[in-house]
Amino acid sequence: MTGLVTAALGLALLAWVVEYVGVAQIAADFRQVGWGLLAIVAIGGARFLMRAIAWRLCLDPPHRLALLDAFSAVICGDTIGNLTPLGPLVGEPAKAAFVRGRVALGPAVTALAVENVLYTLSAAGMIAAGMVALLFRFELPAAMRDVGELAIAATLVLFAVALWLVWRQPALISRALGVVSPTRASPLHRHTVRVRDLEQQIYTFASRHRTALPAIASAEAGFHALGVAEIYLTLWLLYGTAPSLLTAFILETTNRLITVVFKFVPLRLGVDEAATALFTQVLGLGANTGVTLGIVRKARVLAWTIVGGILLTREGLVPRTEVTEGQQ
């Protein structure tokens, strides 16, 4: 029910933004992008590939996952996350469930949790860098300046907490579950042990995979670099001239921020277009550019959502035997 309400509100906001900017103007901009949309969709697929590579690198030997399987799982997880208000809470576990017939569930979930931690830190750093550039290079309205400063502060807090967690290695989640289920007879006790093991695996990952960390960091950086390339290409197609790399970088960081804040809105309907339009106005590109960027991004997301739907349907029709840790 919540998803339907947020989707309806998002559609209403999208309709208002399109009407405000002008249907004819947006249609003309979209036609300007033309067949370049195929390249934008391809870049979106390359970004999924970067996350899939990072996930595979986070697996503990001897467990292995084929790149194609990881790639398909990432697409399916993104599809489910985009279509539901719970976002990553259902999208991320869906990735592990998708590969249950190829790799044991425990190692897959552990690797996925580690990759998500590393992705979150990289995304936070990306957002902070973009907000710093925005604050120092442009005159911002007071409200937008406050958002930028808050994003930077939140990133600093996130990194401080991450360092503290790695140093102290507290059993926060498992300890909380232990309070809820203090006896061994409790059904939650078994999950408490598993969660504690997962926490320990995350804390010790860097020390166990020192040689893999540069490759994982490169994959996460590649994901963000391809996001900048997508914005850069879209602006180039719209204006016929190469835009500033800084402009593309700032717009991609704002896109990350919008995604984080409004992940609960299915497909970020309306909020993506409206929020991007606010930033493109500040950058001197006009509100119509922001709305067009949001709609082009939506077209790319929908294209991969269709692919994800096909993969999920195929997976549901083909029975899979879950792989156990002893089988690998």
Side-chain angles (χ1 to χ4, degrees), residues 3 7 10-11 14 30 33-58 65-103 108-109 111-112 115-116 119 123 219-220 222-231 233-234 237 252 255-256 258-259 262-273 292-320:
L11 277 173
L14 177 60
F30 199 83
V33 174
W35 290 103
L37 182 62
L38 294 179
I40 292 169
V41 171
I43 291 173
R47 300 183 78 188
F48 288 136
L49 185 63
M50 292 297 103
R51 294 291 303 274
I53 290 171
W55 181 17
R56 291 178 73 242
L57 289 170
C58 290
L65 181 61
L67 181 58
L68 181 59
D69 290 333
F71 179 63
S72 300
V74 170
I75 294 172
C76 292
D78 187 76
T79 295
I80 294 173
N82 281 327
L83 295 177
T84 64
L86 295 178
L89 293 179
V90 292
E92 295 306 313
K95 296 178 186 178
F98 186 88
V99 297
R100 67 192 183 281
R102 290 85 161 178
V103 66
V109 170
L112 194 60
E115 193 277 329
N116 269 274
Y119 165 74
E220 300 294 3
F223 173 86
H224 298 299
L226 286 167
V228 176
E230 178 184 320
I231 299 289
L233 175 60
T234 306
L237 292 169
E252 172 55 19
N255 175 43
R256 287 296 93 208
I258 293 166
T259 300
F262 296 104
K263 191 65 177 177
F264 64 93
V265 180
L267 295 172
R268 265 82 64 207
L269 282 170
V271 295
D272 191 0
E273 293 76 11
T292 302
L293 282 171
I295 291 176
V296 168
R297 188 155 50 234
K298 197 76 76 254
R300 182 257 294 166
V301 170
L302 287 173
W304 284 106
T305 297
I306 292 171
V307 174
I310 294 171
L311 290 171
L312 286 167
T313 301
R314 188 190 68 176
E315 183 71 9
L317 294 175
V318 180
R320 300 285 181 185

By side-chain contact (heavy atoms from CB on, under 4.5 Å), Ala70 pairs with (sequence neighbours left out) Ala52, Trp55, Arg56, Leu65
**Message:** Using a strict threshold of under 4.0 Å (side-chain N to carboxylate O), is an ion pair present between Glu273 and Arg268?
**Reply:** no
Any side-chain to backbone donor/acceptor pair from Arg256 onto Ala123? Under 3.5 Å, distance only.
no
Practice problem: Using atom types as modelled and distance alone, determine if a side-chain donor or acceptor of Arg102 lies under 3.5 Å from a backbone N or O of Val99. | Solution: no
Here the gap from Asn116 atom CG to Glu92 atom CD, rounded to the nearest 0.5 Å, amounts to 4.0 Å
task: Measure from NZ or CZ of Arg47 to the centre of the six-membered ring of Phe223 and say whether it is under 6.0 Å with the direction within 45° of the ring axis.
output: yes
Test side-chain contact (heavy atoms from CB on, under 4.5 Å), reference Arg297, set Ile40, Thr259, Ile231, output is Ile231
In this structure, CG of Leu226 is separated from CG of Leu49 (nearest 0.5 Å) by 9.0 Å
Contacts of Asp78 meeting side-chain contact (heavy atoms from CB on, under 4.5 Å) (sequence neighbours excluded), chain-then-number -> Phe48, Asn82
In this structure, CD1 of Ile75 is separated from CD1 of Ile306 (nearest 0.5 Å) by 12.5 Å
Under 3.5 Å, side chain of Lys298 to main-chain N/O of Leu267, donor-acceptor pair present? yes
Applying side-chain contact (heavy atoms from CB on, under 4.5 Å) to Ser72 and not counting sequence neighbours gives Leu68, Phe98, Leu311
